[in-house]
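Computation of the quantities below employed the complete heavy-atom set of this structure, encompassing side-chain atoms and omitting hydrogens, waters and symmetry-equivalent molecules.
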Amino acid sequence: MPASRPAAVLFDMDGTLVDTEHLWWQAAAELAAELDLTLTDADLPDVLGQAVEHTAAHLHRSSLTGRPEADLVEHLNNAFAAKVEAEIVPRPGALALLAALQEARIPAALVSASPRRVVDLVLNALGPHWFTTTLAAEDTPRTKPAPDPYLAAAARLGLAPAACVAVEDTPTGVASARAAGCAVLAVPSTVPIPAADGITVLDSLEHADLAFLGALTAGPAS
């Protein structure tokens, strides 16, 4: 029979717990405009859910700009951090689910492809007390879609990845969590995500409770 509760829940940050995907898009679109580019839906896979270095490289290739990629990375980081600090909003159901996990003594981890300074801005807004551990882009050799962040989060919690549920909002994040061996709850924010083996899709965290998450785990804790 499936477990009634998850061993741990590993949350993506941007677009999953907080409504920041549109802020990241705005930051990228504003930089693109400076480079005489206009972002369209075709750019979504290279912008949303990606590490800043990936998006900067995409803009660099698309614009043929002479500006170094490192400058584009710095610009994106600064613009996004400013927007997050001014406009951060929790996603529907996020705080209630975090509170339920804490009351049940189920560890939660924050697993983000954003840089540490942005993660810390979000933590200050949400409250760092919700999370047993947090990982930012700098904390693993590779970030999403590689499995490294979710493997590291499970290891920090002393659990097998299969005992954990990862909560994600982008195909990039889902690919990372599945590659690590986690069961995935996908709550798409912008890009549609189809249900598949090991991937359950909901339209809001408001519909997720502990029993629902526990039924998704692929294996026992270790």
Asks: Mind checking the OG1-CH2 spacing from Thr20 to Trp25? Nearest 0.5 Å is all I need.
Replies: 14.5 Å
Asks: Which heavy-atom pair separates Leu72 from Ala56 by the least distance, and what is that distance?
Replies: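 The pair with the smallest heavy-atom distance is CD1-O, 3.7 Å.
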Asks: Does the side chain of Pro6 reach to within under 4.5 Å of the side chain of Leu216, using non-hydrogen atoms?
Replies: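 No, their side chains stay 4.5 Å or more apart.
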Asks: Treat each ILVMFWY residue as a node, draw an edge where side-chain heavy atoms are under 4.5 Å apart, and state whether Leu95 and Met13 are in one component.
Replies: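 Both belong to a single hydrophobic cluster.
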Asks: Inspect the surroundings of CD in Glu34 and state if more than 12 heavy atoms from other residues, nucleotides or ligands are less than 6.0 Å away.
Replies: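 Check passes, neighbour count above 12.
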Asks: Decide yes or no for Pro149 and Ser176: does some side-chain heavy atom of the first lie under 4.5 Å from some side-chain heavy atom of the second?
Replies: yes
Asks: Looking only at heavy atoms, which two atoms of Ile193 and Pro171 are closest? And how far apart?
Replies: CD1-N, 3.9 Å
Asks: Going by heavy atoms in the side chains, are Leu98 and Phe11 under 4.5 Å from each other?
Replies: yes
Asks: For Thr140 and Asp148, test the side chains for any donor-to-acceptor distance below 3.5 angstrom and give the result as yes or no.
Replies: no
Asks: Give the intermediate values and the outcome of side chain to side chain contact (heavy atoms under 4.5 Å, CB included) for residues Asp12 and Val167.
Replies: CA-CA 6 Å; Asp12 172 57; Val167 186; over 6 Å; no
Asks: Measure the shortest side-chain to side-chain distance between Leu126 and Pro90 over non-hydrogen atoms and say whether it is less than 4.5 angstrom.
Replies: yes
Asks: Which heavy atom of Gln50 sits nearest a heavy atom of Lys144, and at what distance?
Replies: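 In terms of heavy atoms, the two residues are closest at OE1-O, 4.5 Å.
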Asks: Side chains of Thr134 and Arg116: is there a donor and an acceptor less than 3.5 Å apart?
Replies: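 On atom types as modelled, these side chains qualify, holding a pair under 3.5 Å.
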Asks: What are the two closest heavy atoms between Pro147 and Ala180, and how far apart are they?
Replies: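 Minimum heavy-atom contact is CB-N, 3.6 Å.
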Asks: Within this structure, what is the CG-CG distance for the pair Leu213 and Leu202, rounded to the nearest 0.5 Å?
Replies: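 Here the interatomic distance stands at 8.5 Å.
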Asks: Quick one: does Glu168's side chain have a donor or acceptor within less than 3.5 Å of a partner on Thr16's backbone?
Replies: no
Asks: Determine, using the 4.5 Å side-chain heavy-atom cutoff (strictly less than), whether Val47 and Leu59 are members of one ILVMFWY cluster.
Replies: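 Yes.
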Asks: Quick one: does any side-chain atom of His60 pair with a main-chain N or O of Arg67 as donor and acceptor, under 3.5 Å?
Replies: yes
Asks: Is it the case that Asp71 and His75 place a side-chain donor and acceptor less than 3.5 Å from each other?
Replies: no
Asks: With rounding to the nearest 0.5 angstrom, report the OG to CG distance, Ser62 to Leu37.
Replies: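 Here the interatomic distance stands at 6.0 Å.
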Asks: Quick one, Arg91 and Ser189 - any side-chain contact, counting heavy atoms below 4.5 Å?
Replies: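 In short, these two side chains touch, coming nearer than 4.5 Å.
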Asks: Check whether Thr170 reaches the backbone of Gly173 with its side chain - one donor and one acceptor, N or O, closer than 3.5 Å.
Replies: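 Yes.
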Asks: Supply the atom-to-atom distance Leu185 CG to Ile199 CD1, rounded to the nearest 0.5 angstrom.
Replies: 11.0 Å
Asks: For the backbone of Leu121 and the side chain of Arg117, can you confirm whether one donor and one acceptor N or O come within less than 3.5 Å of each other?
Replies: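 Here the side-chain-to-backbone pair does not exist.
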Asks: Begin from the C-alpha positions of Thr217 and Arg5 and carry the test side chain to side chain donor-acceptor pair (under 3.5 Å) through to its verdict.
Replies: CA-CA 9 Å; Thr217 53; Arg5 306 190 318 177; over 6 Å; no
Asks: The test is side chain to side chain contact (heavy atoms under 4.5 Å, CB included); show your working for Val119 and Leu110 and say whether it passes.
Replies: CA-CA 9 Å; Val119 170; Leu110 188 69; 3.8 Å; yes
Asks: Do you reckon Val184 sits in the same ILVMFWY cluster as Val9, going by side-chain contacts under 4.5 Å, direct or chained?
Replies: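 Result: no, two separate clusters.
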Asks: Where is the tightest heavy-atom contact between Cys182 and Tyr150, given as atom of each residue plus distance?
Replies: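 The pair with the smallest heavy-atom distance is SG-CB, 4.2 Å.
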Asks: With rounding to the nearest 0.5 angstrom, report the NE2 to OG1 distance, His54 to Thr172.
Replies: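 Output value for this atom pair is 7.5 Å.
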Asks: Would Ser112 and Asp14 satisfy side chain to side chain contact (heavy atoms under 4.5 Å, CB included), going step by step from the backbone distance to the final call?
Replies: CA-CA 7 Å; Ser112 179; Asp14 299 314; 4.1 Å; yes
Asks: Can you tell me if Asp139 uses its side chain to pair, donor with acceptor, with the backbone of Ala136 under 3.5 Å?
Replies: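 Judged by distance alone, yes, a pair lies under 3.5 Å.
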Asks: Any sub-3.5 Å donor-acceptor pair from Thr55's side-chain atoms to Asp46's backbone N or O?
Replies: yes
Asks: For Phe80, which residues count as a ring pair (Phe, Tyr, Trp, His ring centres under 6.0 Å) partner, sequence neighbours excluded?
Replies: Trp24
Asks: What are the two closest non-hydrogen atoms of Gly15 and Asp169, and how far apart are they?
Replies: CA-OD2, 3.4 Å
Asks: Does any non-hydrogen side-chain atom of Leu17 lie less than 4.5 Å from one of Val122?
Replies: no
Asks: Just how far is it from atom OG1 of Thr132 to atom CZ of Arg105, taken to the nearest 0.5 Å?
Replies: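 Answer rounded to 0.5 Å: 11.5 Å.
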